[in-house]
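To start, the structure itself, in structure tokens.
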Amino acid sequence: MNIEEKAYNPKSVEENILNFWQDNNLYSPEYKSNKNRKKTFSIILPPPNANSSLHLGTMSGNTIQDILGRYHRMIGDKVLLIPGKDHAAIQTEVVFEKILEKKGIKKRDLTREDFYTQCYEFCMQNRKIAKTQELNIGLSADYSRERFTLDNDITNMVYDTFIRMFNEGYIYRGKRIINWCIKDQTALADIDTEYREEEGKLYYIKYGDLTVATTRPETKMADVALAVNPKDKRYKHLIGKSIQIVSIEGERSLPIIGDRGVDPEFGTGVLKVTPGHSKEDFKIGENNNLPIISVIDTRGRITYGKYKDLKIKEGREKIVEDLQKLGLIEKIEDIKHNIQICERCKQEIEPLISYQWFIRTKDFAKEAIKASENNEIHFYPKRQENNYMRFLENIEDWCISRQQWWGQRIPAYYCGGKETIIDSKGDITEKILGCGEIIVSKDKPNECPKCGNKNIVQDEDIFDTWFSSTQWPYSVLGGVGSKDYKEFYPTNVMETGRDILFFWVARMVMMCIYTTGKVPFSKVYLHGLVLDKEGQKQSKSKGNGIDPKDMIDKYGTDALRLSLVSSISPDQDFRLYDEKVKGFRNFINKIYNSSRFIFLKIGDLTEDEKSKLKKLIASGNIHTKTNIKIHAEMHDHISNINRFMKNFEIGLAAFQIQNFYHHTFCDIYLEEMKAHNSIEAKADLINIFLQNILLMHPFIPFITENIYQILKEENLIDSSEDSIMYEKYPGIK
RNA sequence: GGGUUCGUAGCUCAGUUGGUUAGAGCACAACAUUGACAUUGUUGAGGUCACUGGUUCGAAUCCUGUCGAACCCACCA
């Protein structure tokens with residue numbers, strides 16, 4: 001810092017400080033000052049997706065993580081923040097396919113290997129950019145330990161888990177109804193889908209004497225029953241009977257069953273049961289032992305009779321036309337209804353019957369629930385615990401296979417390969433062509449262990465990205481039993497966005513308890529989303545995103561950090577915009593100028609005077625007549641900040657350090673001190689100043705490190721530490 | 001349908017277990033500034049703390065209900 005300049009120039013200062021921290025390896029738990037530290041504090045940083053540069057939301061999380069890390073370093077813990085990057089299976093595949101499309105290349109033009117290699121390259125470039133961004137925001141993570149979720153050893157651990165779960169019966173290959181994305185050509189877990197309200201039509205179709213209201217007449221041929229509510233007086237007497245119908249599929253008989261899930265208020269109160277193309281109906285089918293018929297394939301085309309190969313919507317029109325000709329359409333109403341869409345590509349989801357890999361989640365969920373009940377895991381804010389519990393209590397089996405290329409290929413092998421057949425009745429079966437054996441193994445077996453068949457074919461599918469990322473807390477440390485695992489696992493805090501509580505946090509607890517026997521972290525802090533000035537979610541499609549780099553270039557990193565955390569509360573979304581960051585820049589400048597003033601005031605002391613000054617500070621007996629009040633206020637301030645930090649009230653702490661420095665330290669104390677020039681007064685000034693700088697360091701690390709270094713250069717403080725990062729936090733013994 | 005959060009100054013937001021006169025920043029007005037800072041300071045104006053009823057010596061804070069906004073989960077056949 002050149003204190004000749006009237007205004008603070010963050011750019012050059014931050015660059016120097018950053019180099020100083022990195023060159024000396026200060027972020028590492030192996031750094032010399034950590035040598036005698038026993039208590040560890042570790043955070044697994046949520047690995048951002050390696051398919052783009054970081055957005056502000058990720059960086060707001062990084063800032064909170066870093067504040068916690070720096071605070072704990074200063075209260076004497078051996079701190080490890082572990083960075084990583086996530087391959088983000090489907091999302092990255094979608095993003096990368098678009099990039100290829102721009103070059104006029106279609107995914108299927110490439111071999112699987114080429115696609116993978118190119119996508120890997122793409123991710124490595126983003127990984128580098130993201131790392132630079134993380135470093136620039138001051139994230140004090142140990143990059144010698146940085147990992148990518150597709151690193152070989154990580155994948156190996158993921159495979160080990162899969163194999164163990166398979167052998168213990170927690171993983172099965174099953175025929176179930178799944179969410180199928182026709183655009184992405186893959187199965188999706190429920191959680192990977194969203195709902196969107198759309199205008200549609202409700203068709204009232206005659207089934208013999210009864211009328212059924214449906215939005216999906218094209219699945220009519222897959223009906224296997226009609227269902228009514230057992231309490232519905234209109235239809236109660238029909239339960240257990242059958243109805244003869246004549247319709248486009250000819251003459252046939254459908255059983256009438258009772259199911260409590262049928263809403264008597266909707267339509268006519270009669271539901272057509274289509275287990276092959278509706279999740280609810282699939283459940284009804286299971287409960288009543290009904291057959292399953294499929295009439296739509298994975299391309300979203302009809303497979304039945306004369307409608308074969310028509311797209312769903314074309315088929316619907318044609319079928320309605322034919323029904324009308326037969327006089328079977330009673331009426332058509334307009335309806336607003338929610339359609340299920342793919343979270344990634346936003347296209348409509350088709351529920352289809354398919355063979356996929358599933359995890360039996362019920363037992364795992366029980367353990368994860370127990371962890372919370374036994375107070376082994378705490379949520380900030382506490383109310384999120386309810387969401388966590390409700391998710392786990394209602395959890396369904398987790399579909400972990402995806403029909404994609406970018407990710408970890410499932411280590412399952414089929415004797416002779418497999419094929420899926422829809423028979424003439426519309427029944428889907430998966431047939432393993434050899435002796436029927438499925439071999440789960442990390443390496444490809446030479447032959448089938450059961451029948452000796454040499455023709456062994458690997459499953460084409462990859463894992464859901466969350467299958468690997470939920471194992472991240474121990475895999476990133478090198479796995480169970482590794483040196484880092486022993487020292488840093490379980491970790492202390494999971495700090496992440498409130499939007500991935502279910503995707504990641506809850507499943508991480510389940511998976512890690514299974515693989516390590518321990519709850520992976522004892523505290524979960526969930527932050528809100530960063531919104532734009534109008535309170536809208538920032539997104540690339542809206543173009544309302546704020547580029548973190550712009551803010552840093554314009555106002556400096558410390559200013560941006562403060563604006564990301566000051567006055568926030570956990571879980572609560574907050575707005576960020578130019579003027580806000582500018583305000584914090586003004587505060588940082590205030591710190592600069594006040595320090596400039598202090599250095600001018602201290603003036604050129606002789607070495608004797610400096611040593612007297614330091615002795616006065618060390619003795620603690622430096623009260624001067626004019627400023628007794630400040631000591632009491634400092635004392636309260638320090639204990640408040642420590643209390644806030646312990647309760648994860650980061651927003652309050654950030655707000656208070658700024659407020660105190662500006663309006664108590666500068667506006668009152670510093671003004672008063674203008675009249676005092678004794679060595680005692682100067683000692684007092686330096687002492688209070690230093691306390692404030694230390695208090696502020698976790699939040700605004702750059703300027704505080706810079707001031708600290710000047711205090712040392714000027715020989716105004718004594719310390720064996722090279723950096724403020726390892727100084728003792730005020731109020732901590 | 002179930003759940004959560006929010007509603008405080010013109011705007012953006014704090015308000016730590018219920019406790020004097022409800023705070024900050026931005027914006028606004030006036031004044032000041034020769035030991036730092038016009039990216040500053042001082043002072044001021046600006047609030048029925050959404051509304052309603054209750055608990056309490058005392059409510060922005062706790063409880064009932066209403067209105068408005070946002071979000072999550074489930075489902076819409």
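Note on naming: letters A, B, ... go to the chains in the order of the sequence lines (proteins, then strands), and numbering restarts at 1 for each one. Quick note: numbers below take in every heavy atom, side chains included, and nothing from hydrogens, waters or symmetry partners.
- Aromatic rings of A:Tyr71 and A:Tyr729 (six-membered ring for Trp) have centroids within the 6.0 Å cut-off, being under it.
- For A:Lys272, no side-chain nitrogen or oxygen approaches OP1 or OP2 of B:A77 to under 4.0 Å.
- If A:Val270 and A:Phe587 are placed on RNA chain B by their nearest nucleotide, the residue sitting closer to the 5' end is A:Phe587.
- Counting only heavy atoms from C-beta on, A:Arg383 has its side chain closest to B:U5 among B:A77, B:C37, B:U5.
- For B:C37, its base never sits under 3.5 Å from the side chain of A:Lys6 at any donor and acceptor pair.
- A:Val295 and A:His277 get closest at one heavy-atom pair: N-NE2, 2.8 Å.
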Pair pattern of RNA chain B in dot-bracket, where unpaired bases get dots and | marks partners in another strand, Watson-Crick or G-U under 3.5 angstrom: (((((((..((((.....[...)))).(((((.......))))).....((.((..]....)).)))))))))....

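- Between A:His337 and B:C75, a side-chain N or O to OP1/OP2 separation shorter than 4.0 Å is absent.
- RNA chain B lies under 4.0 Å from at least one heavy atom of each of the following residues of residues 279-287 of chain A: A:Glu280.
- Summarising the local packing, CG of A:Asp209 is surrounded by 12 or fewer heavy atoms from other residues, nucleotides or ligands at distances under 6.0 Å.
- Distance A:Asp263 CG to B:A74 C1': 14 Å, rounded to the nearest Å.
- Residue A:Thr215 places at least one side-chain N or O under 4.0 Å from the OP1 or OP2 atom of B:A77.
- Using modelled atom types, one finds no donor on one side chain facing an acceptor on the other under 3.5 Å when comparing A:Asn640 with A:Gln656.
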Footprint string (nucleotides 9-23 of chain B, 5' to 3'): B base within contact, S backbone only, - free, heavy atoms under 4.0 Å: ---SSSSB-------

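- Taking for each of A:Ala227 and A:Arg390 the nucleotide of RNA chain B with the nearest heavy atom, the 5'-most of the two is the partner of A:Arg390.
- In this structure, a donor-acceptor pair under 3.5 Å is absent between the side chains of A:Tyr592 and A:Asn9.
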